[in-house]
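In what follows, a single structure is set out as structure tokens and then discussed.
What you see is a predicted model, and the numbers here were worked out from it, not measured in a lab. Read the numbers this way: they start at 1 and go in the same order the structure lists the ligands and their atoms.
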Amino acid sequence: MTRPDTPSVRPEAPTGHQAHGHPAVGPRPLARTRSFTRRGGRMLKDSHQAAWDRYADALVLDVPRPHGADGSTGVDPAHRMDPEEVFGRTAPLVIEIGSGSGDALVHAATEQPGWDFLALEVWRPGIGHAMAKMGKGEPLTNVRFVEADAALALQTILPPGCAHEVWTFFPDPWPKTRHHKRRLVSAEFASTVADLVRPGSLWRLATDWADYADAMRTVLDRHTAWELESTERAPLRPLTRFERRGIEAGRHITDLAYRRG
Ligand SMILES: C[S@@+](CC[C@H](N)C(=O)[O-])C[C@H]1O[C@@H](n2cnc3c(N)ncnc32)[C@H](O)[C@@H]1O
């Protein structure tokens, strides 16, 4: 599979480090189109920092970072992770992409202790917030976080066919037309997700933006790996801040479940 956003190389004369005689650094890659921006930086409010300090060692997986522009949100493409080793058991695995402040994740992991949940999130304050929702007792043993850009990390870190379900709830909508290219759900990403699941598994999505719902359907209906299974609300999806905000703004909520063929 080709990576659509692999940094391409500037053809022009060397600049920056290279121009200053640092050949090891090489030409600067063009910036990738990312599905996220660093909202409010990485500062956590006190209660979320306290939860991070209490649980991060156990729940946030340590991943080696690549060199270069993706140094803080990428994962070294040589790094591999075995979910059965990570969780210490064999259980159905749900991968949540963009878990935000963890509403769906913590709810579902509490309701389904027999399943394991791997959340990919670039926004550290969200991970801290999700851990704060676990309270002050023992952390949920069936949850782990990877602080990374899912569009990159999921291409390489996990074994093919490892996931029972993949969830992408309320991905950043990027409503302006000129920003649509930043939307996470694309044909390339659909191929990445298709590699993560076994035939028969589901990719569950939800959005409160009608044109993003249409775009998701267009992409996934055309994709040979995916087939529309349902437009019913995902069973374990609770009402979250993003859904409530969408409803209050008069937007319709779309749930989609696509089955891997
Ligand atoms: C609008 S929020 C929704 C959060 C959550 N799913 C919910 O329903 O409450 C989207 C989240 O996706 C995260 N995100 C965006 N692009 C991402 C990427 N490429 N990899 C991992 N997380 C990403 C953002 O940081 C943000 O927390």
Side-chain angles (χ1 to χ4, degrees), residues 3-6 31-45 48 60-61 63 65-66 69-75 94-109 117-133 143-158 163 165-175 179-186 188-193 196 203-209 212-213 216 233-249 251 253-256:
R3 181 181 291 180
D5 42 14
T6 299
R32 270 189 326 109
T33 301
R34 295 191 169 95
S35 63
F36 57 90
T37 54
R38 286 263 185 219
R39 286 178 285 143
R42 297 173 96 197
M43 284 292 290
L44 282 70
K45 66 184 240 190
H48 301 169
V60 181
L61 300 175
V63 287
R65 303 295 180 182
D70 293 310
S72 60
T73 52
V75 176
V94 174
I95 298 175
E96 185 172 17
I97 299 164
S99 47
S101 45
D103 287 332
L105 180 74
V106 174
H107 170 77
F117 293 83
L118 183 66
L120 284 97
E121 174 58 60
V122 278
W123 187 45
R124 180 174 291 193
I127 299 177
H129 195 173
M131 292 193 291
K133 291 188 173 121
V143 172
R144 296 291 186 283
F145 297 90
V146 177
E147 186 185 4
D149 178 350
L152 284 182
L154 291 178
Q155 293 185 19
T156 50
I157 53 170
L158 289 165
E165 290 195 3
V166 176
W167 295 354
T168 310
F169 296 149
F170 300 94
D172 293 313
W174 295 109
H179 287 151
H180 283 182
K181 59 180 181 291
R182 285 179 170 271
R183 288 175 164 175
L184 188 61
V185 181
S186 64
E188 291 77 12
F189 193 58
S191 296
T192 300
V193 176
L196 289 175
W203 185 7
R204 297 186 181 279
L205 305 109
T207 181
D208 57 328
W209 288 85
Y212 199 2
M216 288 174 179
R233 187 186 185 93
L236 284 168
R237 188 172 75 68
L239 181 67
T240 68
R241 190 161 60 93
F242 288 99
E243 178 170 11
R244 196 174 308 118
R245 216 192 264 171
I247 292 169
E248 282 166 8
R251 294 193 290 270
I253 309 299
T254 301
D255 274 85
L256 299 169

pair Leu239-Ile247: side-chain heavy atoms closer than 4.5 Å: yes
Can you check whether Trp123 has an N/O within less than 3.5 Å of an N/O in ligand 1? no
Can you tell me if Asp103 contacts ligand 1 (heavy atom of the residue under 4.0 Å from the ligand)? no
Consider ligand 1: state whether an atom of it lies below 4.0 angstrom from any non-hydrogen atom of Ile97. no
Is the shortest heavy-atom distance from the side chain of Phe242 to the side chain of Asp208 under 4.5 Å? no
Side chain, backbone, both or neither: which part of Ser99 comes within less than 4.0 Å of ligand 1 when only heavy atoms are counted? backbone
Backbone or side-chain N or O of Phe36 under 3.5 Å from ligand 1 N or O: no
Give yes if a backbone or side-chain nitrogen or oxygen of Ala150 is under 3.5 Å from a nitrogen or oxygen of ligand 1, and no if not. yes
Please list, chain by chain and in numerical order, all residues satisfying side chain to side chain donor-acceptor pair (under 3.5 Å) with Lys45, sequence neighbours excluded. none
Report the part of Leu184 (side chain from C-beta onward, or backbone N, CA, C, O) that has a heavy atom under 4.0 Å from ligand 1; answer both or neither where that applies. side chain
Arg182 meets the side-chain contact (heavy atoms from CB on, under 4.5 Å) criterion, sequence neighbours left out, with Thr33, Arg34, Thr37, Trp174, His179
Run through Arg237, Arg204, Arg233 and flag the one making a side chain to side chain donor-acceptor pair (under 3.5 Å) with Asp255. Arg237
Using a strict cut-off of 4.0 Å, indicate which atoms of ligand 1 neighbour a heavy atom of Gly100. 4 (C), 27 (O)
Checking heavy atoms under 4.0 Å, the part of Asp149 that sits near ligand 1 is both
So do Asp172 and Leu184 actually touch side chain to side chain, heavy atoms under 4.5 Å? no
Have a look at ligand 1 and work out which part of Phe242, if any, has a heavy atom under 4.0 Å from it: side chain, backbone, both or neither. side chain
Under a 4.0 angstrom heavy-atom cut-off, which atoms of ligand 1 come close to Leu120? 21 (C), 22 (N)
Could you name the option among Ser35, Ala148, Gly102, Ser101 that has the heavy atom nearest to atom 16 (N) of ligand 1? Ser35
Just wondering, do Leu118 and Leu61 contact through their side chains at under 4.5 Å, heavy atoms? yes
So Ser99 and Phe117, do their side chains get closer than 4.5 Å, heavy atoms only? no
Taking Pro173's backbone N and O only, do any of them form a donor-acceptor pair with Arg183's side chain (distance below 3.5 Å, no angle check)? yes
Closest by any non-hydrogen atom to atom 25 (O) of ligand 1: pick that one out of Arg34, Arg245, Glu147, Glu121. Glu121
Taking distance alone, with N or O pairs closer than 3.5 Å, would you say Gly98 contacts ligand 1? yes
